[in-house]
Structure formats: structure tokens, C-alpha cells
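Presented below is the structure to which this report refers.
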Amino acid sequence: HPITYAAFGDELPVISGGVAITGWRAHEGGLWVADVPWVRASGRPFHQLFVNGVRRPRARTPNDGTYAYTRRLKLKEGPHPECVGMTYADGDAPMWEGAEGATIVLFHNWVNSFNRIEKLDRQARRIMFQRPAGIFFLGPKVRYYIEDTRAALDAPGEWFLDAAKARLYYYPLPGEDMARAEVIAPRVPSPMIRAGGVDHLTCRGLSFQHADADLAPRYAHSVQGAHTQRGAFFAVGLRNSIIEQCEFTRLGEHGISLRDGCTSNIVRQCHFHDLGGGGVYLSEGAPASTNQAYLTAHNRVENNFIHDGGLIFRAGCGVFLGGSASYNRIAHNEICDLSWIGVHLGWSWTGKVPAHTHHNEVAYNHIHHIGNGVLNDIGGIYTLGVSPGTVLHHNLIHDVTRFERGREGYGGWGIYLDAGSSQIRVEDNIVHDTRDGGLHVHNHGHPYGDVIANNIFAYSGDAQLIRNADHEPDGNHVHLERNIACNANQKMLGGNNWKDGSRFTADGNCYWSETT
């Protein structure tokens with residue numbers, strides 16, 4: 001029985017997980033305070049606040065746009081050492097009283113993590129975390145900031161929730177009238193809407209708002225791509241369904257998650273913005289089952305506008321295809337203003353084993369202003385693992401940047417075929433104005449059988465074509481044919497492996513430098 005939930009006429013129905021906060025009263029130091037008794041009753045704090053429709057930052061130090069740097073990290077031994085603590089510089093914020101209840105937000109190479117304090121030694125300036133923060137850091141002196149503590153509430157627009165006393169403190173912006181302001185906090189965590197085992201469902205013209213993020217002390221860390229976070233609309237076994245002309249905004253995590261067994265669905269003409277995570281997620285990490293009935297397949301994500309995401313989970317992607325997403329089409333989307341990847345495909349770091357993300361098409365997308373100086377290891381389009389039948393074509397990608405601090409930071413690429421990426425065809429794309437190269441083909445994990453043809457790669461801050469690592473496959477890694485590489489500098493080939501005898505081939509390419 002097909003079911004449609006749709007807007008009536010020109011109305012915009014809002015499905016909200018939020019609650020309006022009223023009863024504001026003036027407090028000392030220019031602050032205002034309101035009671036939120038439902039926080040005490042539920043035992044669950046909220047992690048976002050929207051004033052007059054605009055996201056406001058949790059109280060943090062240093063304030064928005066700046067960071068402190070660790071003196072060093074404490075790492076557990078192992079092949080991929082996990083961070084279990086850190087030492088901070090003399091005079092940094094953890095010296096204050098009450099800091100034990102704060103959250104330390106660390107920046108890894110390609111994710112960020114939210115960490116609670118187990119032990120604080122002020123004399124040694126050492127913090128031990130309640131659980132490991134995760135892996136992969138640029139070095140011992142990495143960025144962090146501290147949030148969710150009353151002492152950091154020192155800038156207009158910031159807020160702090162005293163969950164124990166069920167009181168919300170807010171520092172208004174100049175001219176904000178708290179007697180008239182609309183203040184909304186999310187009361188429902190993501191996912192807000194769940195669909196399971198459903199066929200022929202249509203959602204049209206609806207706005208999904210105010211689903212909260214999960215930042216509980218033991219929230220699920222992500223290896224990359226914020227793959228453990230969930231959409232406000234979350235489905236398992238959704239088939240032959242349509243989500244169109246909908247809005248997903250003011251969310252703590254992703255817009256849409258189509259997980260196991262979601263097949264033959266369409267997401268089109270939707271607007272995703274102001275997202276704590278990413279836009280549309282098709283599957284997650286490694287597949288729970290390789291049975292065909294569990295795969296996320298034959299879905300179409302078309303003609304959507306996805307922007308201003310990764311505001312909490314910085315690795316949120318515009319469109320994410322995880323470990324079991326095949327035969328999907330990602331086309332005619334505009335994706336911009338994210339901190340990590342525009343379109344992500346795959347979840348296998350080697351070309352030695354078959355993967356379950358394959359035969360996907362990424363075409364005619366406009367992907368731009370990605371990275372924006374926040375994370376590293378970035379691509380407008382990113383692939384991982386063996387993916388026969390996958391084609392990336394007719395995409396326009398530009399303005400890809402990454403974090404840099406002096407010599408620190410790496411990886412602002414246009415198209416990035418990462419470890420194990422095999423049997424992928426990249427053709428008829430235009431890539432320009434990237435920090436570190438229009439193309440990166442990573443020769444790690446024994447990749448093979450890739451073809452790069454008829455593309456234009458122009459105006460990189462470094463070399464245009466990058467190839468790194470020496471895990472040579474049994475056959476040819478990559479063939480480059482009839483591409484144009486144009487740069488304002490003289491750098492064309494970058495990375496550490498364009499060596500004679502290495503397993504790549506190239507023919508009919510044009511290299512042009514504007515300088516002699």
C-alpha cells in the first residue's frame with residue numbers, strides 16, 4: 001500500500017525534534033538564564049542551540065576560529081597507536097576549577113573526537129581521557145579546544161547547559177531581545193524518523209529539523225567519514241521509495257541514512273544544510289552481511305543541494321557510500337562547504353580482496369569549497385578499495401583546501417583514489433584550484449586496473465598529478481590517457497613514485513605550465 005507524506009499546497013510542514021525554550025531572565029555578567037526541567041527528567045543533555053533559526057556555539061575556549069595546541073600526546077602502543085591522553089602548555093585553559101567536567105575536542109588527520117576527562121593533573125599539566133580518543137595524528141602538537149564548561153562562556157552567541165541544575169545560560173549577541181527571541185533546543189536524538197521494511201513510501205516537501213547529536217561520553221567514534229553517526233531520517237529495508245523536495249537542516253548528525261537492504265530508492269531535489277554531520281549516507285562501514293538482500297543498492301541521489309555540513313562531526317561527507325553500497329547513481333548534485341569529502345565511496349583498504357562497493361556512478365556533480373582548512377587527507381571525490389564498474393565522470397571539482405600550519409598538513413586533492421582503489425574509471429572531469437593536486441592515485445594496498453582518461457586538471461598549489469607509495473600490484477596500477485594537466489607553476493608530477501619500472505602507464509597526455 002503506497003503511502004505519501006507531503007506538504008499541503010505551498011505550506012512547509014516542519015517535523016522537529018526540538019522544543020522552544022522560554023522564561024528567560026537576566027543574569028549576572030550580561031548572561032541570560034532559563035530553566036529546562038525536561039533535561040533533568042530525561043537525564044539527557046542537549047548539544048545544540050538555535051536562536052532565531054541560527055546555530056549558536058557551545059561555550060568553548062579558545063573561542064570559535066582559534067585553537068590551542070597540545071605539548072604532546074600520550075599514545076598506547078600498537079600498529080595504530082591510540083591516544084589516551086595529552087599534555088597541555090602552561091597557562092592553557094585546563095588550569096581552571098571545574099574543567100574536569102569539560103569536553104576536549106581533538107583534531108586527528110581526518111576526523112575530530114570528543115573526549116571526557118578521567119584524570120586532570122594540574123601540576124604536570126596532563127589529562128587522561130576516560131577512553132581512547134582514536135588514532136592517526138599529524139604529530140605530538142595537535143589542535144584542540146575545550147567546550148561545555150561554564151568558565152568558557154565568555155563570548156556573545158555562546159551557551160552553556162548546566163544539566164545537573166537543568167539551567168541554560170546564554171550570552172546574547174548585541175541587539176538580541178531575549179523576550180522575543182525564538183530559542184530551540186533539540187530534545188530528540190538522531191535518528192528522528194525511522195523506517196524499516198517499507199516499500200513505496202514517499203516524503204515530499206517536508207522540512208526535518210532539530211535532531212540532536214550523540215555526544216555521550218561513550219558515543220561511537222568514527223574511523224573516517226563520520227560513518228558511525230546517523231541520519232535524522234534513518235532506514236533499514238526501505239525499498240522503491242522517494243524522498244523529494246525535502247529540507248534537512250539544523251541537525252546534529254546526518255540528513256539521511258539508508259542502511260542494510262535499502263534498494264531502489266530516490267533522494268532528489270532536497271536541500272541539506274546546517275548539518276552537524278553529512279548529507280546522504282548509503283550503508284556505513286564493513287557490511288554486516290554479504291548476502292545480496294542486505295546490500296544498499298540501486299539507489300539514486302540526484303539534483304540535491306548539500307552544503308554547510310560537518311559542523312560537529314567534521315568528517316561528515318556530502319554523499320557517503322560505505323562498505324556495502326553498489327549500483328547507486330550520485331548525479332547532478334551541488335556539494336560545497338564541508339570540512340572533508342564531497343563524495344566518498346568504499347570501505348576496503350586493499351586491492352587484494354573483493355569489496356562490496358562497486359558499479360557506482362558519480363556524474364555531473366558540482367563539488368567545490370571542500371576542506372576549508374579544517375582536516376587533512378581530503379578529496380572532492382574519494383574512493384577506497386576494489387570497485388569494478390565504478391565510473392566517475394563529468395564532475396566539476398574546485399577549491400579544495402586542507403589544514404596547514406607551517407609545514408604541517410597534507411592532502412587537498414580533487415579526485416583521490418586511496419588505498420586499494422581498483423578497477424575504477426575516471427573520465428571527462430574538470431578539476432581546478434586545489435591545494436595539493438587535481439588527482440592523487442595512491443599506490444598503497446596493491447591497487448590495480450584504474451583508468452584516468454580525458455580529464456582536465458588545472459591550477460594546483462603543488463603538482464597536478466600525485467602518486468605515492470610502492471605497493472606494486474601484480475598487474476598495472478593505473479593508465480593515464482588523453483588528460484590535460486595545466487598549472488601556473490612548473491610542477492606536473494608529484495609524490496614519491498613516478499619511477500621507471502613502477503606499474504603505471506601513460507599515453508597522449510598534455511602537460512602545460514604557464515611559467516618557464
Side-chain angles (χ1 to χ4, degrees), residues 39-40 42-48 57-62 67-89 92-153 159-166 186 189-190 212-224 226-230 252-253 276-277 285 312-316 375:
V39 170
R40 184 189 292 115
S42 68
R44 184 189 177 280
F46 55 84
H47 305 96
Q48 300 172 98
R58 286 210 293 183
R60 55 166 282 187
T61 187
Y67 306 96
Y69 285 83
T70 61
R71 285 193 60 208
R72 63 179 177 272
L73 298 175
K74 182 172 178 57
L75 301 177
K76 254 183 9 179
E77 293 184 3
H80 299 298
E82 288 186 296
C83 176
V84 295
M86 56 175 262
T87 303
Y88 58 90
D92 275 0
M95 294 297 291
W96 65 48
E97 293 298 326
E100 288 84 353
T103 298
I104 311 295
V105 184
L106 279 180
F107 284 77
H108 310 233
N109 281 0
W110 51 79
V111 298
N112 64 321
S113 63
F114 296 83
N115 307 285
R116 302 299 179 92
I117 298 171
E118 175 74 23
K119 183 179 180 182
L120 171 57
D121 184 336
R122 287 185 173 82
Q123 185 173 359
R125 300 193 297 278
R126 184 179 298 120
I127 294 172
M128 298 300 293
F129 300 139
Q130 290 182 3
R131 61 167 178 160
I135 56 180
F136 298 124
F137 294 89
L138 279 172
K141 296 182 179 180
V142 301
R143 290 168 294 156
Y144 75 95
Y145 62 86
I146 304 167
E147 69 174 7
D148 195 27
T149 179
R150 174 71 172 78
L153 185 53
W159 60 275
F160 170 71
L161 173 65
D162 186 335
K165 296 181 179 178
S190 193
D212 202 11
D214 178 5
L215 291 178
R218 298 263 169 197
Y219 84 98
H221 281 319
S222 168
V223 176
Q224 69 180 52
H227 77 287
T228 57
Q229 279 63 59
R230 298 173 294 178
E253 299 188 11
I312 297 176
F313 301 99
R314 298 292 193 166
L375 296 176

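When the salt bridge (charged side-chain N to carboxylate O under 4.0 Å, His left out) test is applied to R230, no partner is found at least two apart in sequence or on another chain. Under the side-chain contact (heavy atoms from CB on, under 4.5 Å) criterion, D162 pairs with F160, A164, K165, Y169, sequence neighbours left out. Considering only residues two or more places apart in sequence or on other chains, F129 meets the ring pair (Phe, Tyr, Trp, His ring centres under 6.0 Å) condition with none of them. The side chain to side chain donor-acceptor pair (under 3.5 Å) check on E253 picks up nothing, with sequence neighbours excluded. With sequence neighbours excluded, the residues forming a side-chain contact (heavy atoms from CB on, under 4.5 Å) with T228 are A220, S222, listed by chain and number. Legend: residues meeting side-chain contact (heavy atoms from CB on, under 4.5 Å) with S113, ordered by chain and number and at least two apart, are L106, H108, N115, A133, Y219, H221. For R131, there are no salt bridge (charged side-chain N to carboxylate O under 4.0 Å, His left out) partners, not counting sequence neighbours. Listed by chain and number, the residues in a salt bridge (charged side-chain N to carboxylate O under 4.0 Å, His left out) with E100 are R122 (sequence neighbours excluded). Every residue two or more places apart in sequence or in another chain was checked for a salt bridge (charged side-chain N to carboxylate O under 4.0 Å, His left out) with D214, and none qualifies.
At least one donor-acceptor pair closer than 3.5 Å links the side chain of W110 to the backbone N or O of V223. The closest donor-acceptor contact from the side chain of H47 to the backbone of A213 lies under 3.5 Å. A donor-acceptor pair under 3.5 Å is formed between the side chain of R60 and the backbone N or O of P62. Using modelled atom types, no side-chain atom of D212 and backbone atom of G252 make a donor-acceptor pair closer than 3.5 Å. A donor-acceptor pair under 3.5 Å links the side-chain atoms of N109 to the main chain of L138, judged by distance alone.
Within the structure, the salt bridge (Lys or Arg N to Asp or Glu O under 4.0 Å) test picks out no pair touching residues 107-121 (sequence neighbours left out). Legend: side-chain hydrogen bond (donor to acceptor under 3.5 Å, both in side chains) pairs involving residues 143-152, not counting sequence neighbours, sorted by first then second residue: R58-E147, R58-D148, D92-Y144. Residue pairs meeting the side-chain hydrogen bond (donor to acceptor under 3.5 Å, both in side chains) criterion with at least one partner in residues 72-86, sequence neighbours excluded, are K76-E82.
Nearest heavy-atom pair across P81 and I135 is O-CG2, 3.3 Å.
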